[in-house]
Amino acid sequence: MPRGRVATYGQVARLAGLAGQARIVGYALAALPQGTSLPWHRVVNALGGISQRAEGPYGHIQRARLEKERVSFDGRGRIPLERFRWRPGAGRASL
DNA sequence: ATAGTGACTGGAA
DNA sequence: CTTCCAGCCACTA
């Protein structure tokens, strides 16, 4: 997962061999400690937006981090997945 | 052991 | 385009 690229829960789940179990990915991320080195902020829902649980400071932090990663949001607070979706193997195709 | 909930997804209306 | 319904598995009570 390089910077400036995001992945959906479903995508991560599939890559983890958990096809269809996106919720488990979300649950796993929810259980992550604060000081984790995992790029949890690059994981978004299928709409390319920040998910519910992030109603606290996390949503703001995640969005801020993504913007800092050159990831842009649209007027509805959603990311154009067509443009920022991480393609394993395709790598640096658009950047 | 069952029942309910959850950082979700995809198809149908 | 948006909203609703069903499926999926792990964790908690």
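Lettering of chains follows the sequences in order, A, B, ..., and the numbering in each one begins at 1.
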A/L47 CG to C/dT2 C1', straight-line distance once rounded to whole Å: 11 Å
With respect to the side chain of A/I24, which nucleotide from B/dT9, C/dA10, B/dA7 is positioned closest? C/dA10
Where the side chain of A/Q62 meets the backbone of A/V43, is there a donor-acceptor pair that is under 3.5 Å apart? yes
From CD of A/Q21 over to P of C/dC8, roughly how many Å is that when rounded to an integer? 9 Å
Distance check needed: B/dG6 P versus A/I50 CD1, whole Å only. 19 Å
With respect to the side chain of A/S51, which nucleotide from B/dA7, C/dC9, C/dT2 is positioned closest? B/dA7
With hydrophobic residues grouped by side-chain heavy-atom distances under 4.5 Å, do A/L47 and A/V71 end up in a single group? no
Under 4.0 angstrom, heavy atoms only, what part of the nucleic acid is A/A30 near: base, sugar-phosphate, or nothing? base
Residue pair A/E69, A/R65: steps toward the salt bridge (charged side-chain N to carboxylate O under 4.0 Å, His left out) verdict: CA-CA 6 Å; A/E69 300 290 325; A/R65 279 191 169 195; over 6 Å; no
Expressed as a whole number of angstroms, how long is the span from A/R76:CZ to C/dC1:P? 8 Å
Sugar-phosphate, base or nothing in reach of A/Y27, heavy atoms under 4.0 Å: sugar-phosphate
How many Å lie between CG on A/N45 and P on B/dA7, as a whole number? 12 Å
Rounded to whole Å, please give me the gap between CG in A/L29 and P in B/dC8. 10 Å
Could you give the OH-to-P distance, from A/Y9 to C/dC8, as a whole number of Å? 22 Å
Check this for me: does the side-chain of A/R23 come within 3.5 Å of the base of C/dC8 through a donor and an acceptor? yes
Can you tell me the distance, in whole Å, between the CD1 atom of A/I79 and the C1' atom of B/dA7? 14 Å
Test log, rule side chain to side chain contact (heavy atoms under 4.5 Å, CB included), inputs A/R85 and A/T8: CA-CA 8 Å; A/R85 165 120 54 168; A/T8 65; 4.0 Å; yes
